[in-house]
Asks: 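What follows is a structure written as structure tokens; I'll ask about it next.
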Amino acid sequence: MAYKVIHYINQFFANIGGEEMAHVTPEMREGAVGPGLGLNKEFKGEAEIVATVICGDSYFNENVEEATKTIINLMKKYEADLFIAGPAFNAGRYGTACGTISKLVQDKLNIPVVTGMYIENPGADMFKKEVYIIETANAATGMRKALPKMAKLALKLAKGEEILDYKTEGYILRGIRKNYFADKIGAERAVDMLIKKLKGEDFQTEYPMPEFDRVAPGAAIKDLSKARIALVTSGGIVPIGNPDHVESSSASKYGIYDINKVNNLTGRDYETAHGGYDPVYANEEPDRVLPLDVLRDFEKEGMIGSIHPYFYSTVGNGTAVRSAKVFSEEIADKLIQDDVDAVILTST
Amino acid sequence: MVKGIEATGIPVVHICTIVPISKTVGANRIVPAVAIPHPLGDPKLHIDDEYKLRRKIVEKALNALTTEIDGQTVFQ
């Protein structure tokens, strides 16, 4: 008999809607939906999606406990053998949801799980140690390449077959060490590696150094009433008409906007350029994303010294980590030149 | 973004809705927000109450900036 699979997707891939429907609560549908149809083909009769869980990305991330509890309960009666989530590509909330629910299903229902994401999806870093995440392209155009890998790995897990290394299977490195008998002793392997290195040839280390990509916290502000505070956002707040054409996703730039004479960000003069969340509330009242009104009042009340006369804004929606790094380094240079003491950075 | 700025020594407080993402990317001072499409507001509230809510969150953020920390800290 074919393995019973439950598949998790978001509102977008279930064709319910985009950001305006990201609030929908979990629902269970019999059979395969959307990308699940593709997975079923890849299973070639060895497994079949018996049900699909659909949940809005915002709902899931804003109500993690409730959402996961509901989903686990909805799943129980199916007695599934396998769980697959996504693939989420570079969609941050979707990736986080896929990772969270996969790990929970693995822990609570004790069945194998597989999900799929782009390597820069925040969900990948959060869950790669705990669950198998097939590495995908950064957009849904990579669906055709992702599904066969996900289906293959899932079937292997269900059958209890040996899972090979991450490169062969296509999952994101989990950092799990496995003992094996090598043909050569360590000393020989080390010398071979050294010779390759001396010759300038490619070699593969057996012990990659962990990357500690962390920065130390900046020192606390001693006297807030003298401090100059700057506002920065990845929520895409820009003057109406988006004069710098900051892209709604995968932003390649950021904007610098003069707020020297502005007391609050109104929907008449500002809006969001962000394409990754429902813009209705931000467009109505941009202070909901970048709280200039409150900060202006704190300035008047003498609680803070002053507000830096410019705010910096980009769109954090599928934006490459390396772009964000460049933006923030450039912004930081400007902040230092202008003697800014501290930054409030808001994200949606 | 947070890390790029904080690397210079300027303290940054990150106001965001999905705290686990903020932790993963390496923010040090984290203040949880209301919801993804309106992190510092709530359209269901009366405008005065919404302002109060926003004021409370920004106050928390300023408090975070004046607090000495050793590592990642979520200011609830």
Side-chain angles (χ1 to χ4, degrees), chain A residues 19 22 58 61-62 92-93 96 100 122 125-126 213-222 224 227 229 232 234-235 277-282 284-285 287-291 293-295 297-298 303-304 314 316 324-329 331-333 335-336 340-348, chain B residues 1-45 47 50-73:
Chain A
E19 288 306 328
S58 288
N61 282 286
E62 290 170 0
R93 281 166 303 153
T96 314
T100 308
D125 243 3
M126 286 160 86
D213 192 15
R214 286 283 180 257
V215 299
I221 299 298
K222 295 229 160 47
L224 204 53
I229 313 275
V232 181
S234 65
Y277 65 88
D278 185 353
V280 171
Y281 312 104
E284 214 169 73
E285 182 69 59
D287 285 318
R288 284 172 179 152
V289 175
L290 203 61
D293 58 345
V294 168
L295 211 58
D297 289 344
F298 284 146
M303 187 165 154
I304 61 168
T314 189
K325 197 163 177 276
V326 172
F327 302 165
S328 59
E329 284 164 0
I331 292 170
D333 279 347
L335 297 177
I336 289 172
V340 166
D341 297 301
V343 170
I344 295 177
L345 197 153
T346 64
S347 293
T348 42
Chain B
M1 294 279 285
V2 176
K3 267 190 304 205
I5 297 172
E6 196 146 46
T8 62
I10 299 177
V12 181
V13 57
H14 192 206
I15 303 179
C16 64
T17 306
I18 313 178
V19 172
I21 292 187
S22 180
K23 281 189 181 162
T24 303
V25 299
N28 287 313
R29 291 177 170 88
I30 302 166
V31 171
V34 179
I36 292 154
H38 45 84
L40 286 123
D42 187 345
K44 286 200 292 284
L45 297 178
I47 188 154
E50 192 182 14
Y51 174 85
K52 274 184 212 152
L53 170 75
R54 177 152 60 245
R55 197 175 157 102
K56 221 187 240 167
I57 300 170
V58 177
E59 236 172 338
K60 252 187 240 169
L62 292 172
N63 174 45
L65 288 170
T66 56
T67 308
E68 216 59 82
I69 54 168
D70 298 329
Q72 292 191 302
T73 309

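Numbers restart at 1 for each chain; the letters A, B, ... are given by sequence-line order, proteins then strands. Predicted model only: the values in this text are computed from it and were never measured.
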Asks: Among Asp297(A), Asp333(A), Leu335(A), which has the most heavy-atom pairs under 4.5 Å with chain B?
Replies: Asp297(A)
Asks: Between Arg93(A), Met126(A), Glu19(A), which has the largest tally of heavy atom pairs under 4.5 Å with chain B?
Replies: Met126(A)
Asks: Would you compute the distance between atom OG1 of Thr96(A) and atom CD1 of Ile21(B) and round it to the nearest 0.5 angstrom?
Replies: 3.5 Å
Asks: Do the side chains of Leu65(B) and Ile344(A) get nearer than 4.5 Å, heavy atoms only?
Replies: yes
Asks: Checking heavy atoms, do the side chain of Ala22(A), its backbone, both or neither come under 4.5 Å from chain B?
Replies: neither
Asks: With salt bridge (Lys or Arg N to Asp or Glu O under 4.0 Å) as the rule and sequence neighbours excluded, what pairs involving residues 22-37 of chain B come up?
Replies: Glu6(B)-Arg29(B)
Asks: Can you tell me how far the OG atom of Ser347(A) sits from the NE2 atom of His14(B), to the nearest 0.5 Å?
Replies: 2.5 Å
Asks: What part of Ala33(B) gets closer than 4.5 Å to chain A, counting heavy atoms only: side chain, backbone, both or neither?
Replies: neither
Asks: Any non-hydrogen side-chain atom of Val289(A) less than 4.5 Å from a side-chain atom of Pro39(B)?
Replies: yes
Asks: To the nearest 0.5 angstrom, please state how far the NE2 atom of His38(B) sits from the CG atom of Asp278(A).
Replies: 9.0 Å
Asks: Are any non-hydrogen side-chain atoms of Pro37(B) and Val280(A) less than 4.5 angstrom apart?
Replies: no
Asks: Nearest 0.5 Å, what's the CG-OG1 distance between Leu224(A) and Thr66(B)?
Replies: 6.0 Å
Asks: Scan for salt bridge (Lys or Arg N to Asp or Glu O under 4.0 Å) pairs involving residues 59-70 of chain B, sequence neighbours excluded, and state none if there are none.
Replies: none
Asks: Taking every non-hydrogen pair under 4.5 Å, which of Ser22(B), Ala61(B), Ala64(B), Ala35(B) racks up the most with chain A?
Replies: Ala35(B)
Asks: Which of the residues Ile221(A), Ile304(A), Asn61(A) is involved in the greatest number of heavy-atom pairs with chain B at under 4.5 angstrom?
Replies: Ile221(A)
Asks: Can a donor-acceptor pair be found, under 3.5 Å and without considering hydrogens, that links the side chain of Asp125(A) to the backbone of Val25(B)?
Replies: no
Asks: Nearest 0.5 Å, what's the CG-CZ distance between Asp293(A) and Arg54(B)?
Replies: 4.0 Å
Asks: Are any of the side-chain heavy atoms of Leu62(B) and Ile229(A) separated by less than 4.5 Å?
Replies: yes
Asks: Please identify, among Val326(A), Val294(A), Thr314(A), the residue contributing the most non-hydrogen atom pairs under 4.5 Å to chain B.
Replies: Val294(A)
Asks: Between chain A and each of Gly41(B), Pro43(B), Gly26(B), count heavy-atom pairs under 4.5 Å; write down the option with the most.
Replies: Pro43(B)
Asks: Side chain of Glu62(A), backbone of Ile36(B): donor and acceptor closer than 3.5 Å?
Replies: yes
Asks: Scan Val12(B), Thr67(B), Asn28(B) and name whichever one has a side-chain contact (heavy atoms from CB on, under 4.5 Å) with Pro217(A).
Replies: Asn28(B)
Asks: Would a 4.5 Å heavy-atom cut-off, applied to side chains only, mark Val34(B) and Arg288(A) as touching?
Replies: no
Asks: Which answer fits Thr100(A), side chain, backbone, both or neither, if we ask what part of it has an atom under 4.5 Å from a heavy atom of chain B?
Replies: neither
Asks: Using a 4.5 angstrom heavy-atom cutoff, name the option from Ala27(B), Pro20(B), Gly71(B) with the most pairs to chain A.
Replies: Pro20(B)
Asks: Crowded around Phe327(A) CZ? As in, over 12 foreign heavy atoms under 6.0 Å?
Replies: yes
Asks: Of the listed residues (Asp287(A), Val340(A), Asp341(A)), which shares the most heavy-atom pairs with chain B below a 4.5 Å separation?
Replies: Asp287(A)
Asks: Need one label for Ser58(A): side chain, backbone, both or neither, based on atoms under 4.5 Å from any heavy atom in chain B.
Replies: both
Asks: Compare all side-chain heavy atoms of Ile5(B) with those of Ile331(A) and state whether any distance is below 4.5 angstrom.
Replies: yes
Asks: Looking only at heavy atoms, which two atoms of Gly4(B) and Ser328(A) are closest? And how far apart?
Replies: CA-OG, 3.2 Å
